[in-house]
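As structure tokens, the structure follows; a few thoughts come after it.
Both ligands and their constituent atoms are indexed starting at 1 by order of listing.
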Amino acid sequence: MAENNSEDTNQHAHPNPENPEEFLDLKLGAPKTVAAGFPAVLSSASHVFGEMDVARGMKALFALNQTDGYDCPGCAWPDPDKHRSSLGEYCENGAKAIAEEATTKKLTADFFAKNSVAELASLNDYEVGKKGRIAQPLFLAKNATHYAPVSWDEAFKKIAVHLNNLSSPDEAVFYTSGRTSNEAAFLYQLFVREYGTNNLPDCSNMCHESSGVALNETLGIGKGSVTLEDFYKAEVIIILGQNPGTNHPRMLSALQKAKENGCTIISVNPLPETGLISFNNPQTLKGALGIKTKLTDIFVQVKINGDMAFLKAIELLLLQEEEKNPGSVFDKQFIAEHTIGYEKLIESVKQHTLEELSEECGIGLDQLKEVTRVFKTKNKIIACWAMGLTQHKNAVETIQEVVNLLLLKGSIGKPGAGTCPVRGHSNVQGDRTMGIYEKPSKNFLNKIESVYGFMPPQQHGYDVVDCIHAMQEGKAKVFMAMGGNFLSATPDTTYTAEALRKCKLTVQVSTKLNRSHLITGEEAIILPCLARSDKDTVDGEDQFVTTENSMGVIQMSKGSLKPVSDDLLSEPVIVCKLATATFGNKSKVRWNEYVKHYDSIRDDIEKVIPGFDNYNSRVRKLGGFYLPNSARDRKFETFNGKANFTITTFEKQHLTEGELMMMTIRSHDQFNTTIYGLNDRYRGITNERRVIFMNGKDILSRQLKAGDVVDIYNHHNNVERVARKFIIVEFNIPEQCTATYFPETNVLVPIDSVAAKSNTPTSKMIQITLRKHIN
Ligand code: SF4
């Protein structure tokens with residue numbers, strides 16, 4: 001058996017990597033039953049004012065998510081269309097995100113002279129992130145031990161030389177994270193396509209790619225169909241594989257309002273998440289008085305990846321009701337007018353028995369019937385989901401099963417109903433709209449050609465998993481990342497680290513230091529950029545950028561804080577200067593015009609991308625504008641012009657003797673790869689991240705006890721992956737299911753275990769075994 005030596009990851013993940021024998025003082029408390037409230041206010045304040053003075057902190061918070069302010073760099077949850085609370089339109093995690101990026105701590109040349117890359121690499125994600133903002137461009141020469149300052153011109157020249165020396169443009173890879181604005185993303189893909197490749201992997205490949213594929217095939221649009229207003233009109237909201245209390249906290253306010261309007265909320269998840277139990281909204285009088293709102297009416301505690309079996313069971317029970325009283329349960333008119341495949345779906349649903357489905361999802365018949373009673377009479381249903389659905393082998397089909405349920409009920413394209421894949425990072429949806437996609441459509445490429453007069457590459461490029469393989473195999477030699485922390489966000493960390501090290505050059509456009517700056521190619525460059533909250537001025541005129549939220553609203557984002565350094569450039573300017581350095585005067589694109597005023601970028605976006613007519617004028621209106629959404633209008637732009645039912649294949653999950661299923665989760669003190677702190681307040685965890693949540697029976701049956709320290713193994717495809725030293729925490733989780741924090745256990749996520757059709761790593765279904773750790 002091959003061994004995938006995971007030493008790197010174990011070291012970096014531990015809070016005290018200098019002394020991996022030592023754990024911090026883990027404290028366990030009871031999981032919380034109410035989210036937000038006063039503790040959230042306190043936590044927000046302590047994070048923000050721990051990083052900057054009160055004046056800067058207040059300025060940052062009051063502009064956050066306001067119509068004339070800047071868009072939160074956290075998640076992609078939408079803001080109210082027009083009226084925004086002057087008390088603050090943000091959540092605890094939005095405040096933490098701002099504390100991170102608006103910090104006044106900065107990393108001067110001195111810092112890099114004193115700290116070698118190897119020394120910094122021995123720190124964990126949390127410690128590296130706390131160092132401060134990067135204040136000038138940096139270069140790591142071949143065989144050098146320390147980053148050294150470099151001028152912007154020199155940095156661009158070095159990158160251009162590498163790019164121009166490759167034997168094919170396909171030997172370069174250009175990654176994008178969800179922070180990148182529409183303007184920067186549009187220019188970036190334009191630069192990459194003029195350079196000659198479609199190698200544009202993005203963070204979406206690792207999160208909602210499965211949603212995009214599933215929704216495109218069934219409904220003809222890869223985005224969700226609902227608006228925030230729909231939440232207030234819904235009769236039922238079903239939330240699958242999502243933890244909004246931590247990952248999209250302001251969604252709780254929308255759920256609260258939905259509840260007040262009589263909505264029933266059903267949560268489907270292996271863990272009972274505090275944010276879905278009840279909510280104390282600190283911005284309302286009720287909340288200030290400590291009065292909580294119960295959110296979830298029915299908590300369906302499925303086994304990991306039991307969602308498809310659960311959904312099929314509900315469809316089967318609804319079918320039985322429909323057959324008793326035809327026309328009373330399914331929306332036959334909608335089905336006849338707008339869909340294809342109803343009969344085949346019914347045939348396939350009948351192939352299953354309730355007993356088998358119940359056993360597979362881990363939900364008893366009584367509760368399945370209780371959920372069915374709710375769906376039976378209601379037709380305004382919203383289905384929300386996140387990575388609990390998207391990061392499984394059968395993710396695309398599970399999401400298509402969600403669509404099947406909505407189509408049966410006619411719950412698409414009408415007020416109070418529809419699909420809601422909740423995006424994790426602020427502009428991840430907008431980046432895709434702007435053309436950050438390794439498989440661009442013919443129409444998009446034709447448009448680029450007609451507007452700019454060059455022929456973009458037609459061959460599909462690498463997504464995230466493909467580009468890691470390409471770097472490993474020496475096929476990709478230059479890696480550039482527009483934001484993000486590629487190493488910590490991707491699967492199979494050791495394999496990915498090796499891949500990055502094989503590159504000739506790695507380039508990161510970043511605000512803060514992270515682990516991806518410390519595991520580098522032969523040479524490495526860091527280009528420090530302005531953050532969302534930073535004031536961006538060109539020739540004395542303030543500029544703004546735009547973003548698209550999870551519900552397809554385009555709005556402006558204008559930072560107002562003084563940048564921590566005079567040596568930072570905005571992302572759009574970085575792309576333009578890099579393009580000029582790479583192409584010289586051979587480019588067909590007016591890069592020099594774009595840097596003078598961002599309106600000129602938006603003028604060209606309007607020419608290329610549908611839905612952006614009068615972009616500059618409409619985006620200046622209060623709250624911005626909605627992009628067209630065909631499914632919302634009951635127009636299904638699929639290959640057959642109809643909404644399609646899908647016959648999904650249902651496979652039983654098999655664990656061999658001694659195996660457990662593991663899913664990676666986020667703590668309340670983190671946003672994606674950014675670790676704000678070492679606590680997970682809602683789950684009762686203080687001061688430690690190296691924990692494994694387990695069912696009490698699984699602990700006992702292994703002759704273990706809570707508090708024991710174990711090593712976690714994965715043996716996918718006969719490669720041994722190991723993550724050492726995790727403390728067992730007994731938790732309310734179904735038997736044979738476990739949970740650990742991302743990115744600490746990414747080392748266990750096999751690079752070759754991906755979702756069918758979307759190629760998304762299966763970070764929520766990792767087969768593991770445990771061994772007691774021996775010192
Ligand atoms: S809900 Fe998301 S977008 Fe809104 S403030 Fe919180 S982290 Fe930011």
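Taking a cutoff of 4.0 Å between a charged side-chain nitrogen and a carboxylate oxygen, Arg683 and Asp680 qualify as a salt bridge. Salt bridge status for Arg432 with Glu209: present, with a side-chain N to carboxylate O gap under 4.0 Å. Arg133 has a carboxylate O that lies under 4.0 Å from a charged side-chain N of Asp534, or vice versa, which qualifies the two as a salt bridge. A salt bridge is absent between Lys558 and Asp68; no separation between the charged side-chain nitrogens and carboxylate oxygens falls under 4.0 Å. The pair Lys105-Glu51 meets the salt-bridge criterion, with a side-chain N (NZ, NE, NH1 or NH2) lying under 4.0 Å from an Asp/Glu carboxylate O.
In this structure, atom 1 (S) of ligand 1 lies nearest to the protein heavy atom Arg250 N, 3.3 Å.
Ligand 1 places these atoms under 4.0 Å from at least one heavy atom of Gly94: 5 (S), 6 (Fe), 7 (S), 8 (Fe). Close contacts of ligand 1 with Cys72, meaning ligand atoms under 4.0 Å from a residue heavy atom, involve 3 (S), 5 (S), 7 (S), 8 (Fe). For ligand 1, the atoms closer than 4.0 angstrom to any heavy atom of Asn65 are 4 (Fe), 5 (S).
Residue contacts to atom 6 (Fe) of ligand 1: Cys91 brings an N, O or S atom closer than 2.8 Å. Atom 2 (Fe) of ligand 1 lies under 2.8 Å from an N, O or S atom belonging to Cys75.
Listed for the Ser225 side chain is a donor-acceptor partner under 3.5 Å among the backbone atoms of Thr419.
Neither the backbone nor the side chain of Leu64 has any atom closer than 4.0 Å to an atom of ligand 1 (non-hydrogen atoms only).
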